[in-house]
Amino acid sequence: MVNTITVVGAGNVGATTAQRIAEKELARRVVLVDIVEGVPQGKGLDQWQSAPIENFDTRVIGTNGYAETAGSEIVIITAGIARKPGMSRDDLMNTNAGIVKGVAEQVARTSPNAILIVVSNPLDVMCYVAKKVSAFPRERVLGMAGVLDTARYRAFLADALDVSVRDIQAMVLGGHGDTMVPLVNYTTVSGIPVTQLMKRERLDEIVQRTRGGGAEIVSLLKTGSAYYAPSAAAVQMAEAIVGDQKRVLPCSVWLEGEYGHSGLFLGVPCKIGGRGLDSVIEVDLTPDEKAALAKSADAVREPMAALTF
Ligand code: APR
C-alpha cells in the first residue's frame with residue numbers, strides 16, 4: 001500500500017479508477033481532482049460512503065486543486081474530452097494536449113517523485129506531452145493502452161473459443177489506435193498456440209474487432225467512450241507499481257532504440273515494478289509484425305509533429 005494515489009479527471013474513467021483503487025486498498029488515500037466544482041467532491045464522498053459496505057479503509061477525497069495531492073506516489077491522468085461517434089482518438093489531440101500540459105505542470109510541482117500513468121487520448125501523444133512538460137525520466141511516465149487492447153483481444157478470444165479468459169495469454173503492441181499490433185504468434189491458450197485452436201480467418205476477424213474495440217463501444221454508447229475496461233487496465237498497472245510486482249504488461253513507453261524506434265511513445269512489452277518501468281522486453285517479431293509496428297510508429301509520429309504547445 002502507498003500513501004496517496006491521485007486520479008486527475010473525475011469523469012467516467014477517472015471516477016471508476018478511483019473506486020477500483022479504493023476497493024483494492026492500493027493506497028491510504030485516493031485524491032480525485034477535476035476542474036468542475038463539486039463533482040470530484042460529490043463522487044469522492046459517494047465512494048467513501050460505499051466503504052462500510054465494501055469494507056475498505058482507503059479515504060476517497062475530491063478536490064479542484066493540487067494541494068491535497070502533494071507527494072502522491074502515483075498520478076493517473078484521465079482528464080480530457082472523450083470521443084463521440086465518428087471521431088478518431090486523434091481528433092481529441094489539441095484540446096487534450098492543452099489539458100494534459102496543465103495537469104503535468106501541476107503534478108510535477110506538487111508530486112515531483114510521482115509515477116505517471118497516462119490514460120487521456122490520443123494516448124501515445126499525450127504521454128509525450130506529459131513527459132516533456134513534467135521532465136520526468138522515462139521510468140516514471142507510462143501510458144495505459146496495451147493492457148486494455150490486450151484485454152479486449154483476450155475477451156473476444158475467450159468468447160470465440162468458449163474458454164476462461166484466465167487461460168488466454170496475449171500481447172497487443174503498437175500505438176493505441178487502428179494500427180495496433182496484436183501478436184498472434186505469441187497468443188496462447190494455457191501454452192497452446194491459438195493458431196492450433198482456431199482458423200486463421202476467424203483469428204483475423206478477432207484482430208480486426210480488437211483494433212476497432214474502442215470505436216465499437218463509442219458507437220454503442222453514443223455519448224462518451226469506454227471506461228470499465230480502461231479503468232481496470234490503469235489500476236492493474238498501478239497495482240504492479242504498488243506491489244513492486246514486476247508484471248510483464250504491454251505499456252506505452254518512451255523508446256530509446258528498442259524495436260528499432262526512438263523518440264516516441266509506443267506500446268511494447270514492459271516489466272513494471274516499484275520504480276515504474278523496470279525494463280522493456282524485446283521479443284522476436286516476424287517481418288510482417290515489424291512492418292506493422294513501424295506503421296503504427298508513423299501513426300504516432302504524425303500527430304506528435306502537429307502538436308502546437
Ligand atoms: N483538470 C482536471 N480535470 C479536467 C480538466 C483539467 N484541466 N479538463 C477536463 N477535466 C475533466 C472533465 O471535467 C471531466 O470530468 O476530465 C473529465 C473527463 O471525463 P469524461 O468526459 O467522462 O471522459 P472519460 O470517459 O473519463 O475519458 C477521459 O480518457 O479514455 C480516455 O479518450 C478518453 O481522453 C479521454 C479520457
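One-based numbering, in listed order, for ligands and for the atoms of each.
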| task | Run the numbers for me: atoms of ligand 1, each under 4.0 Å from some heavy atom of N96, listed by number. | result | 34 (O)
| query | Is any N or O atom of Y66, backbone or side chain, closer than 3.5 Å to an N or O atom of ligand 1? | reply | no
| note | heavy-atom search around atom 28 (C) of ligand 1 in the protein gives T78 O, 3.0 Å
| request: Please could you name the atoms of ligand 1 that V119 approaches to less than 4.0 Å, counting only its heavy atoms? | output: 29 (O), 30 (O), 31 (C)
| said: I need the atoms of ligand 1 closer than 4.0 Å to a non-hydrogen atom of V13, numbered in the order shown. | reply: 24 (P), 25 (O), 26 (O), 27 (O), 30 (O)
| request: Would you please test R202 and E205 for salt bridge (charged side-chain N to carboxylate O under 4.0 Å, His left out) and show each step? | output: CA-CA 5 Å; R202 182 78 187 99; E205 282 169 17; 3.0 Å; yes
| ligand 1 and I81, any nitrogen or oxygen pair closer than 3.5 angstrom? | yes
| field | Closest protein heavy atom (residue, atom, distance) for atom 19 (O) of ligand 1 | value | G11 CA, 3.2 Å
| query | Shortest non-hydrogen contact from Q169 to S190? | reply | OE1-N, 3.3 Å
| request: Using distance alone, decide if ligand 1 has a nitrogen or oxygen within less than 3.5 Å of any nitrogen or oxygen in N12. | output: yes
| request: Tell me, with the steps shown, if S120 and N96 meet side chain to side chain donor-acceptor pair (under 3.5 Å). | output: CA-CA 7 Å; S120 309; N96 284 357; 5.6 Å; no
| field | H176 and D149: side chain donor to acceptor below 3.5 Å | value | yes
| note | among protein heavy atoms, the one nearest atom 23 (O) of ligand 1 is A82 CB, 3.7 Å
| query | Which heavy atom of the protein is the closest neighbour of atom 32 (O) of ligand 1, given with residue, atom name and distance? | reply | N121 ND2, 2.9 Å
| query | Which residue supplies the protein heavy atom nearest to atom 11 (C) of ligand 1, what is that atom called, and how far is it? | reply | D34 OD2, 3.2 Å
| note | protein heavy-atom neighbour closest to atom 16 (O) of ligand 1 works out as G80 N, 3.4 Å
| request: Give the single entry among T223, V39, I35 that approaches atom 6 (C) of ligand 1 most closely by any heavy atom. | output: I35
| Verify same cluster id: V253, Y259 (apolar side-chain graph, 4.5 Å) | yes
| query | Quick check: does S120 get an N/O under 3.5 Å from an N/O on ligand 1? | reply | no
| Close side-chain approach of V7 and V33, heavy atoms under 4.5 Å | no
| query | Is any side-chain heavy atom of L45 closer than 4.5 Å to a side-chain heavy atom of Q41? | reply | no
| query | Are there more than 12 heavy atoms of other residues, nucleotides or ligands under 6.0 Å from atom CD of E37? | reply | no
| Could you go step by step and tell me if D298 and K295 meet the salt bridge (charged side-chain N to carboxylate O under 4.0 Å, His left out) rule? | CA-CA 5 Å; D298 287 343; K295 194 170 154 215; over 6 Å; no
| note | Closest to atom 7 (N) of ligand 1 among protein heavy atoms sits I99 CG2, 3.6 Å
| Y153 side chain near I206 side chain, heavy-atom distance below 4.5 Å | yes
| request: For V8, counting its heavy atoms only, list the atoms of ligand 1 lying under 4.0 Å from any of them. | output: 2 (C)
| request: Check V36 against ligand 1 and report side chain, backbone, both or neither, counting heavy atoms closer than 4.0 Å. | output: side chain
| message | With side chain to side chain donor-acceptor pair (under 3.5 Å) as the criterion, how do R29 and T4 come out once you've worked through the C-alpha distance, each side chain's angles and the decisive distance to 0.1 Å? | response | CA-CA 5 Å; R29 330 152 60 226; T4 308; 3.1 Å; yes
| Do any nitrogen or oxygen atoms of V33 come within less than 3.5 Å of a nitrogen or oxygen of ligand 1? | no
